[in-house]
There are 2 protein chains.
Amino acid sequence: MVEMAPRSKTARRVPLSRDRVLRAGVALADEVGIESLSMRRLAQRLGVVPMALYKHVANKEELLDGMVDVVVGEVEPPVRDADWKSAVRQRILSARETLLRHRWAYRVIESRSSPTPVVLAYMDSMIGMFRAGGFSVDLTHHVMHALGSRMLGFTRELFDDSPSPGSAPAAMPPEVAERYPHIAEMAMTRDHDRASTVGAGCDDRFEFEFALDLLLDGFDRLHRQGWTSTGH
Amino acid sequence: MVEMAPRSKTARRVPLSRDRVLRAGVALADEVGIESLSMRRLAQRLGVVPMALYKHVANKEELLDGMVDVVVGEVEPPVRDADWKSAVRQRILSARETLLRHRWAYRVIESRSSPTPVVLAYMDSMIGMFRAGGFSVDLTHHVMHALGSRMLGFTRELFDDSPSPGSAPAAMPPEVAERYPHIAEMAMTRDHDRASTVGAGCDDRFEFEFALDLLLDGFDRLHRQGWTSTGH
DNA sequence: CAAGCTAGGCGTACGCCGTACACTCGTCAA
DNA sequence: TTGACGAGTGTACGGCGTACGCCTAGCTTG
């Protein structure tokens, strides 16, 4: 909002800069969602004409790349003096916190076809944590693949769970329950439990940690038994 | 191509139908990529004016939903008379094959905010496979979350690996290797091995199965020891 | 202080996109 | 014969990313 003041002729205007453009992009995406972020709208927010942005970013792609860098830069650095497992775990959960603050970010990260230097550095440091924990290069390689996007704190849940935004959980109509009996069973059981549980529906954080720990424990087991891809 | 023939006045034109529109959409996306699929282009391919499509799909969103349904419909049904683990494994690998034939599909699936009936049915049957294997409703629920998009045959690899399309693997320049030492180490090791390995770089299928089996084995272990979320 | 360079912001314009809305026209039932 | 109906058409609108050229404030340099 403060950006939009139609600056008077006397007041020196704050000059644009790549950094200011990127941060404004992040803020705007946080507010209105990534699908409503357009060069024109961002320019308007900065009190500037659309083409002015192109002096600071080459095009929209580069804007998005830069915005991802800003977000990834917010992830906490690895904790020191911890075993690999808790260090990795902690960092990934920090990444998750960050991505929860910028809910559009995972979509943008997914849509990029090659990583930016900031993301490369993040991955490099993540690899380093496994190597420092004694993992072989080979095992680390597969481990990184297995983590996939989870290493940045998100998983594709296939669909955002939110059944209907705003409305109550809304009991499943009988004809739907009939067509998808197993989903219905699961939904009913979840609703049952909810009386004795805090929060509604699924606990996203619990699910995330459930899968993460399953993987980390698996890595641990392979590592301890000296797994190699050649030695079956 | 055959669609574009400027049909003569005598030849009866093949009427459009929702199914024909969806299949043409899938074919066009296969050919030119999802980002180049526009209503106008699809209409042109079908030898029809853009607005004609709107008699068969409500809007572009619904077109994409329908295209996903066509693709998911190509996944093989579960094999019969197999233990849960190999049945699930086989089905997921079949889904993977399908998604490899339609490389744009996972992006579209990810971008949808709520599942179509076809996808719901797929998920329902997947849940059924775990239930038939003796999994509790509760464990199955977490298991489904842990699988996430992997249940449809894809994982977010963060970035498509292809280092530079077309060109040779291109040795990493020294200044890059210096900045990302762990990535460099991994890349070098991989290149070493390649002489004694079929295929180039990473074996995507191997990586996919590595992570999938790690999860399935984890599920198996939890199941056999009677895991419950309450009983820690 | 004058001359001229430069970089940042401006204005216009182009070709795409999705799609609202009103139309034509062939088919078929009554 | 007529009337309704539904598939395909034509036009138009507002939004998008961005190429290209211009303007001008402020700095460098003699």
Side-chain angles (χ1 to χ4, degrees), chain A residues 3-26 28-29 31-68 104 107-108 111-113, chain B residues 3-26 28-29 31-68 104 107-108 111-113:
Chain A
E3 304 279 17
M4 295 193 63
R7 48 177 202 287
S8 75
K9 282 182 188 156
T10 66
R12 291 254 72 19
R13 102 171 91 204
V14 189
L16 244 42
S17 72
R18 182 180 167 88
D19 194 64
R20 222 161 74 83
V21 169
L22 297 184
R23 291 185 184 284
V26 169
L28 188 54
E31 277 177 48
V32 303
I34 195 65
E35 65 288 337
S36 302
L37 178 85
S38 66
M39 298 300 276
R40 297 169 123 101
R41 188 155 179 182
L42 177 56
Q44 186 186 350
R45 170 64 67 99
L46 285 164
V48 115
V49 94
M51 288 313 292
L53 302 178
Y54 286 86
K55 288 285 197 277
H56 303 278
V57 294
N59 48 43
K60 191 175 182 182
E61 289 281 289
E62 198 186 290
L63 170 71
L64 293 175
D65 276 344
M67 287 168 56
V68 167
W104 48 271
R107 288 169 188 264
V108 179
S111 71
R112 250 70 302 268
S113 64
Chain B
E3 303 281 14
M4 296 193 61
R7 49 180 200 286
S8 74
K9 283 182 189 157
T10 66
R12 290 250 82 13
R13 101 170 92 201
V14 189
L16 243 42
S17 72
R18 182 179 167 89
D19 194 65
R20 222 162 76 83
V21 169
L22 298 183
R23 292 186 182 283
V26 169
L28 188 53
E31 277 177 49
V32 303
I34 195 68
E35 66 286 338
S36 302
L37 178 85
S38 67
M39 298 300 275
R40 296 170 122 100
R41 189 153 177 184
L42 177 56
Q44 186 185 352
R45 170 64 67 98
L46 285 165
V48 117
V49 94
M51 288 312 291
L53 302 177
Y54 287 84
K55 288 285 196 280
H56 303 278
V57 294
N59 49 42
K60 192 175 182 181
E61 290 281 288
E62 198 186 290
L63 170 70
L64 293 174
D65 276 344
M67 287 167 57
V68 167
W104 47 272
R107 289 169 187 265
V108 179
S111 71
R112 246 75 297 269
S113 64

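Labels below follow one simple rule: chain letters A, B, ... track the order of the sequence lines, proteins then strands, and each chain is numbered from 1. This structure is a prediction, so every number in the text was calculated from the model and none was measured. These values consider heavy atoms only, across backbone and side chains, with no hydrogens, waters or symmetry-generated copies.
In this structure, A:Ala43 and A:Pro50 approach most closely via the heavy-atom pair CB-CA, 3.4 Å. Here the closest heavy-atom approach between residue B:Ser111 and residue A:Arg107 is recorded as O-NH1, 4.0 Å. Shown here for B:Leu46 and B:Ala24, the closest heavy-atom pair between the two residues is CD2-CB, 3.7 Å. The minimum heavy-atom distance between A:Gly25 and A:Leu42, with the atom names listed, is N-CD1, 3.7 Å.
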Intra- and inter-strand pairs of DNA chain C in dot-bracket (Watson-Crick or G-U wobble, both distances under 3.5 Å; | for another strand): ||||||||||||||||||||||||||||||
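Whole-Å rounding puts the B:Leu63 CG to C:dT19 C1' distance at 14 Å. Regarding B:Gln44, its CD atom lies at a distance of 13 Å from the P atom of C:dG18, rounded to whole Å. Separating the CG atom of B:Leu16 from the C1' atom of D:dT9 is a distance of 13 Å, rounded to the nearest angstrom. Separating the CG atom of B:Leu53 from the P atom of C:dA20 is a distance of 13 Å, rounded to the nearest angstrom. Taking atom CD of A:Glu35 as the reference point, atom C1' of C:dC17 lies 17 Å away to the nearest angstrom.
Sorted by first and then second residue, the pairs that involve residues 46-67 of chain A and meet side chain to side chain donor-acceptor pair (under 3.5 Å), not counting sequence neighbours, are A:Arg18-A:Glu62, A:Glu61-A:Arg112, A:Asp65-A:Arg112.
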Footprint string (nucleotides 13-22 of chain D, 5' to 3'): B base within contact, S backbone only, - free, heavy atoms under 4.0 Å: ---BBBBB--
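Between B:Arg41 and B:Glu31 there is no salt bridge, since no side-chain nitrogen of the basic residue lies less than 4.0 Å from a carboxylate oxygen of the acidic one.
In terms of phosphate contacts, B:His56 brings a side-chain nitrogen or oxygen within less than 4.0 Å of OP1 or OP2 of D:dG8.
Taking the side chain as every heavy atom from C-beta outward, B:Leu53 and B:Leu63 never approach each other to under 4.5 Å.
Remark: B:Leu64 CG to B:Trp104 CH2 distance equals 8.0 Å, nearest 0.5 Å.
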